[in-house]
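Ligands are counted one by one from 1 in listed order, and the atoms in each one are counted from 1 as well. Because the structure is a prediction, the values reported are computed rather than measured.
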Amino acid sequence: MNSRCALVSNLIPFSCVDGPGSRLALFLQGCNLRCKNCHNPWTMGRCNHCGECVPGCPHQALSCVDGRVTWDHSACQQCDTCLQMCPKRATPMAQTMSVNDVLLKLKSVAGFIEGITVSGGEATLQLPFLLTLFSAIKADPALTRLTCLVDSNGLLPETGWQKLRPVLDGAMIDLKAWDSECHFALTGRDNAQVKQSIRWLAAQGKLAELRLLVIPDRTDYLQHIDALGEFIGSLGDVPVRLNAFHAHGVYGEARQWRSATAADVEPLAAALQSRGVKSVTLPALYL
Ligand code: SF4
Ligand code: SF4
């Protein structure tokens, strides 16, 4: 019985877009970046039970009990009104789950999936939970064949990765811009630690995927293609996935940004391939 808990924004038992094969995807609440292009901005903050969203719920699924906001799952119609209202970029629908709760979910679907991906928000912000969960999976004969992946922004320092390494099968890391100033403008943080994490994980054989998100007129990969190509080449044979920004579903100024098309993404793929990057995956679709 393991009672260590995490704040969870969502759990998808079968996901085909969060790593290889069919996987249980667990989304942890809270992030240490503030990406303008985030498609799930309500996963950034943690609810402080201010109550501001409660009267706005059109289906009376929210209430205040003893100073805490509670969510009635059975009444909720998933209209997302509360998400739009929250000044903390949080959600009243996040739920506390223990490691044991997640193990029970995993056991119910284990025969149909290849592994688990823990995403966010930023999964590594709840590192003790992550460590306990992955250790429990590796130690359980019924689950040990499942791969344990993390989908991360790469801000975890090396000391954290070192702790996770023995129970981590791989990390998928986003490099949201090459130049630190560009990264800062998009996310609110520079990218020195992100690049360091990418290098360290690759050297350990734990970099499952490097992801580049193309935002027209915003990301700077092509302006720095020689340095980017050299960096990726130095990582060894690492799969690179190119994602295309789409404005649908984002908040704030990014709503006005142009969505990426094949004409924006394919030149980057060609430039990387011409610099020796072998495994480049293009977006499955453009919106
Ligand atoms: S979800 Fe946001 S608005 Fe609602 S109670 Fe929590 S912090 Fe306040
Ligand atoms: S998504 Fe939020 S606002 Fe909409 S019904 Fe559910 S709790 Fe209420």
N, O or S from H49 under 2.8 Å to atom 8 (Fe) of ligand 1: no
Can you list the atoms of ligand 1 that are under 4.0 Å from a heavy atom of P87? 3 (S)
Where's the contact between V54 and ligand 1, heavy-atom distance under 4.0 Å: side chain, backbone, both or neither? neither
Considering G51, P92, C86, which one's heavy-atom position lies nearest to atom 2 (Fe) of ligand 1? C86
Top protein contact for atom 8 (Fe) of ligand 1, by heavy-atom distance: C50 SG, 2.3 Å
Residue part near ligand 1, for N48, under 4.0 Å between non-hydrogen atoms: both
Report, as yes or no, whether the 6.0 Å neighbourhood of atom CZ on R68 holds more than 12 heavy atoms from other residues, nucleotides or ligands. no
Which atoms from ligand 2 have a heavy atom of H59 less than 4.0 Å away? 5 (S)
Return yes when atom NZ of K206 has more than 12 non-hydrogen atoms of other residues, nucleotides or ligands closer than 6.0 Å, and no otherwise. yes
Could you establish whether C82 and ligand 1 come within less than 4.0 Å of each other, counting only heavy atoms on the residue side? no
Residues, nucleotides or ligands: over 12 heavy atoms within 6.0 Å of K163 NZ: no
Give the atoms of ligand 1, by number and element, whose distance to some non-hydrogen atom of V69 is under 4.0 Å. 5 (S)
For atom 1 (S) of ligand 2, what's the nearest protein heavy-atom neighbour? Residue, atom name and distance, please. D80 N, 3.2 Å
If you compare G56, C57, C79 by their heavy atoms, the one closest to atom 4 (Fe) of ligand 2 turns out to be C79
How about D72 and S74: does a side-chain donor come under 3.5 Å of a side-chain acceptor? yes
Determine the interplanar angle of the H39 and H246 rings, folded into 0 to 90°, and report it as parallel if under 30°, tilted if 30 to 60°, perpendicular if over 60°. tilted
Among protein heavy atoms, which lies nearest atom 5 (S) of ligand 2, and at what distance? Q77 N, 3.4 Å
Any C82 side-chain heavy atom under 4.5 Å of C57 side chain: no
Do me a favour and list the nearest non-hydrogen protein atom to atom 6 (Fe) of ligand 2 with residue, atom name and distance? C76 SG, 2.3 Å
Using a 4.5 Å cut-off on heavy atoms from C-beta on, say whether the side chain of L207 contacts that of I173. yes
What I'd like to find out is whether the side chain of H183 reaches to under 4.5 Å of the side chain of D190, using heavy atoms alone. no
Criterion side chain to side chain donor-acceptor pair (under 3.5 Å) against R211, the qualifying member of N243, D151, D174: D151
I'd like to check which ligand 1 atoms, numbered from 1 as shown, lie under 4.0 Å from a non-hydrogen atom of C53. 1 (S), 3 (S), 4 (Fe), 5 (S)
Is there a heavy atom of G45 sitting under 4.0 angstrom from any atom of ligand 1? no
Measure the shortest side-chain to side-chain distance between L213 and N37 over non-hydrogen atoms and say whether it is less than 4.5 angstrom. yes
Region of L62 engaging ligand 2 - heavy atom pairs below 4.0 Å: side chain
Heavy atoms, side chains only, cut-off 4.5 Å: are I116 and L133 in contact? yes
If you count the atoms of ligand 1 from 1 in the order shown, which ones are under 4.0 Å from a heavy atom of C47? 1 (S), 5 (S), 6 (Fe), 7 (S)
Relative to the heavy atoms of W71, which atoms of ligand 2 are at a distance of less than 4.0 Å? 7 (S)
